[in-house]
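Taking it in order: structure first as structure tokens, then the write-up.
This chain uses plain numbering: 1 for the first residue, then up along the sequence.
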Amino acid sequence: MTLLALAAALGGLDPAGLRRAVDVARQAGSLRGAWRLQRLLLAQDPTVEAWMGLAGLAAERGHPRAALACHRRAMAAAPRSIRPWNRVFAVLRQQVSHTASALAMTCAEDRLGALPDLSMTRLRAAWQSGEGALCDTLLTREVPPRDLPERADIAVAQALSRDDIATAEAELSALPDRTDPQRGLRLRAAILGAQGRHDAALHLLQAGPADSPERLGALAEAQIRARLWPEAYATLAPLRREVRRARGGKRALRHLLALVDDLVADRALIAQARGCDPAGLARLAEAEPQSLMLALMVLDLPHARPDHAAPIPQRIVQYWEGPAPGRDLIGLMDSWRRHHPDWEHRLVTRAMAQTYLRRAGDPVAAQAFARARTPAARAALVRAAVLLHEGGLWAAPDARCQQSLAALTEGASVLVQQDGMGLVEPGLVGCAPGSALARLALRDAVQSVLRDEADADWLSLGKGALTRAAAAAALSESLRPLPAHRARAWVALDCPVTQEPAADWLSFDPARYFG
């Protein structure tokens, strides 16, 4: 069926029918067809919405130049509209460079003034990029105003990262009456979780409104945090088919399903573990080292500090195997040097890693590195090998350092950052040379790659493997866990970066594109 025939079948060739045809083409995964239909729509209806639709399709197809040109036409059609500027900002940020996006936002504020929606865009971008000081500045200036509900998400998280419960409560209380109840519930649960009141947070989420995928995901996370694994499995069961068929936005829920599947496989240990005292739980964990459930329970325990802890060397190691890093990535890497000027800094490339593993006398690890199919698998092997032989702090290249971690490493031989469920984040791991954490993580990474478990990266190479390894280290070494709500005061993980920016867009001139 031709595009015109499709549009006619879906409701005619008028603007309404063409819009329906565009939606159908997009849902079917035909971006090229949607693009051609959108151009037909634009010929009939040259509005700001039509230009923005075409710009969005251009961005999805990986054509930032065309997307920006379409946004410029949208601005011409509605010069006082904020939406095109916000979309320009998103395109520049995701596909071109953060430097260009910052210039575009400055240009928008010069043209339109510091309007609340633009200010919220700037605050959201600062938060996503881990720019904590800038977030604090924008929040202190009341930009954007408190009556924008999304502002509260960032303000509460910033307060919790400093253990400032009073400020978090004040931000929650200031939410406007029209705020979605689920947002208030989620923020209240976050505050309770930061206080260690996981049962209260769970009770609150269970009493929440309609069973949307987002609420069920939050409830399942709270159940995992409270170590109620069968309950989490039951919560996610209605979503299993939908999530496994979905793409893109359901990635976090797919990870949750993978985690719950792994935990429920250990059902027989649940009753036994719940009946153990701390010493008994430690013995059970030593007997079942592959149990992620027992590892999470061990990390929940208060850990006795040995009289002498092997120190974590003052060394920061990062891995990058792509082309030359862009400006955004270099800025994130420089944040570690800026806050640790007296530490050794090492950036390992793919070629360097292969040589390092051979010279370290570990031929099996070198073989696994050569066979690894994904950058995540290669990074896991390098991380474990360098930490085992030399120790130090491993930092992901897309992580931003907010302040020196020297005080956190003092008196500890292992430092780990945890996510909201207690799993160990791969983006920040530190240990002394020879630590059980690194030894077990390297063993698991090698076995996973050689067994070709590529689909299980998240559990067998990343968070799952590191959580089990950290629990083993906690039984004999001085481990310092950094809880999720506090971690952002030191490190922001998963900052968005433009990995392969085009050279001519790095010197972005807003006047050239927006007059």
Side-chain angles (χ1 to χ4, degrees), residues 116-209 212-226 252 399-400 402-403 417-423 425 427-428 481-496:
D117 283 355
L118 287 177
S119 300
M120 189 65 238
T121 297
R122 189 183 282 277
L123 176 61
R124 189 186 305 114
W127 170 256
Q128 291 171 349
S129 297
E131 298 173 286
L134 179 56
C135 285
D136 286 335
T137 299
L138 294 173
L139 290 168
T140 302
R141 292 177 181 173
E142 284 298 314
V143 180
R146 283 176 181 257
D147 62 355
L148 291 180
E150 190 178 350
R151 177 194 181 280
D153 292 8
I154 297 174
V156 168
Q158 282 287 90
L160 294 181
S161 71
R162 297 186 291 267
D163 274 339
D164 187 352
I165 303 297
T167 297
E169 293 276 8
E171 294 288 352
L172 179 59
S173 300
L175 277 174
D177 295 336
R178 66 177 184 277
T179 303
D180 179 0
Q182 290 199 39
R183 186 185 298 270
L185 280 176
R186 181 164 42 80
L187 291 177
R188 170 63 64 189
I191 294 173
L192 291 171
Q195 296 173 292
R197 300 167 60 189
H198 301 298
D199 289 340
L202 178 60
H203 178 75
L204 189 70
L205 289 168
Q206 286 173 328
S212 66
E214 291 74 18
R215 191 191 78 83
L216 290 177
L219 177 58
E221 287 191 11
Q223 288 168 329
I224 292 171
R225 180 71 262 190
R400 183 185 299 278
Q402 309 276 27
Q403 60 177 307
Q417 178 175 341
Q418 295 177 287
D419 69 7
M421 296 177 286
L423 294 163
E425 292 276 12
L428 178 67
L482 189 57
H485 73 276
R486 292 191 59 218
R488 203 173 177 92
W490 283 273
V491 179
L493 298 179
D494 300 320
C495 298

(message) What's the separation between atom CE in M120 and atom CZ in R122, rounded to the nearest 0.5 Å?
(response) 12.5 Å

(request) State whether the side chain of Q206 and the backbone N or O of L219 hold a donor-acceptor pair below 3.5 Å, judged by distance alone. (result) no

(request) State the CD-CD distance between E131 and Q402, to the nearest 0.5 angstrom. (result) 8.5 Å

(message) Restricting to non-hydrogen atoms, name the atom on Q158 and the atom on C135 that form the minimum distance, rounded to 0.1 Å.
(response) NE2-CB, 3.7 Å

(request) Give, for atom CH2 of W127 and atom CG of L138, the distance between the pair rounded to the nearest 0.5 Å. (result) 13.0 Å

(message) On a heavy-atom basis, which atom in P149 and which in P176 lie closest, and how many Å separate them?
(response) CG-CG, 4.3 Å

(message) What's the separation between atom CG in L187 and atom CG in L175, rounded to the nearest 0.5 Å?
(response) 6.0 Å

(request) Measure the CG-CZ distance between L205 and R186 for me, rounded to the nearest 0.5 Å. (result) 10.0 Å

(message) Can you confirm whether L493 sits close enough to Q417 that some side-chain heavy atom of one is under 4.5 Å from a side-chain heavy atom of the other?
(response) yes

(request) Any chance you could measure L139, atom CG, to L134, atom CG, to the nearest 0.5 Å? (result) 9.5 Å

(message) Is there a side-chain contact between V491 and L482 in this structure, where contact means two heavy atoms from C-beta onward sitting under 4.5 Å apart?
(response) no

(request) Search all heavy atoms of E425 against all heavy atoms of D419 and return the closest pair with its distance. (result) OE2-CB, 3.3 Å

(request) Report yes if some heavy atom in the side chain of E150 is under 4.5 Å from a heavy atom in the side chain of L123; otherwise report no. (result) no

(message) Under a 4.0 Å threshold between the charged nitrogen and the carboxylate oxygen, would E171 count as salt-bridged to R151?
(response) yes

(request) Indicate the atoms forming the closest heavy-atom contact of A489 with S161, along with that distance. (result) CB-O, 3.4 Å

(request) Search all heavy atoms of G420 against all heavy atoms of R225 and return the closest pair with its distance. (result) O-CD, 3.1 Å

Show every donor-acceptor pair shorter than 3.5 Å between a side-chain atom in residues 188-202 and any protein atom, with sequence neighbours excluded, or say none if there are none.
unit_1	atom_1	unit_2	atom_2	d
R188	NH1	E169	OE1	2.7
R188	NH1	E169	OE2	2.9
R188	NH2	E169	OE1	3.2

(request) Name all residues meeting the salt bridge (charged side-chain N to carboxylate O under 4.0 Å, His left out) criterion together with R488; count only those two or more places apart in sequence or in a different chain, and write none if there are none. (result) none

(request) Provide the closest heavy-atom pair for R400 versus G130 in the form atom of the first, atom of the second, distance. (result) CD-O, 2.9 Å

